[in-house]
Amino acid sequence: QVQLVESGGGLVQPGGSLRLSCAASRTIFSTMGWYRQAPGKERELVATITYGGSITTATSVKGRFTISRDNAKNTVYLQMNSLKPEDTAIYYCHTHYLIDYWGKGTLVTVSS
């Protein structure tokens, strides 16, 4: 059993930055990732990172968002810069070990 707890969401103006964190309840050797779901849209991949640090990033956020992880702290981060209104969504942390594990999500609102 794995619990994932996200934090760091909030309201930010366009062009601003936020850093999301996801703390796992135990050591995760699997790939961890961030997904998001905007109102009325399907959940989509934002970025993933393996235990060894290999990264994939969605085209829509490449160059603006950076995923990282601290294996000693069982935590994955998402640094979001140059935020746009279309980045508004609930952001979910995810990992897979035999089954999928999801956090409850953290809301990011980009608005002036």
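Given the structure is predicted, the values throughout are model-derived calculations rather than measurements.
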Shortest non-hydrogen contact between [X] and [Y], atoms and distance:
| X | Y | answer |
| --- | --- | --- |
| L4 | C22 | CB-SG, 3.9 Å |
| P14 | S112 | CD-N, 3.7 Å |
| F29 | Y51 | O-CB, 3.4 Å |
| Q1 | R26 | O-CD, 3.7 Å |

Going hydrophobic residue to hydrophobic residue with side-chain gaps under 4.5 angstrom, can you get from [X] over to [Y]?
| X | Y | value |
| --- | --- | --- |
| L107 | L83 | no |
| W102 | L98 | no |
| I55 | M80 | yes |

Any side-chain heavy-atom pair from [X] and [Y] closer than 4.5 angstrom?
| X | Y | value |
| --- | --- | --- |
| I67 | F65 | no |
| S111 | L11 | yes |
| T66 | Y77 | no |

[atom1]-[atom2] distance between [X] and [Y], expressed to the nearest 0.5 angstrom:
| X | Y | atom1 | atom2 | result |
| --- | --- | --- | --- | --- |
| H94 | T31 | NE2 | OG1 | 9.5 Å |
| Q79 | S21 | CD | OG | 9.5 Å |
| L20 | T75 | CG | OG1 | 12.5 Å |
| H96 | I28 | NE2 | CD1 | 11.5 Å |

When you measure from the side chain of [X] to the backbone N and O of [Y], does any donor-acceptor pair fall under 3.5 Å?
| X | Y | result |
| --- | --- | --- |
| D87 | V108 | no |
| T95 | M32 | no |
| E6 | G105 | yes |
| T88 | V110 | yes |

Atom CD of E42 with >12 non-hydrogen neighbours under 6.0 angstrom: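 Count not over threshold, so no.
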Ring center gap for Y35 and Y92 short of 6.0 angstrom: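 Distance test on ring centres: not under 6.0 Å, no.
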Residues R36, V61; criterion side-chain contact (heavy atoms from CB on, under 4.5 Å); working and verdict: CA-CA 12 Å; R36 68 184 182 184; V61 303; 3.9 Å; yes
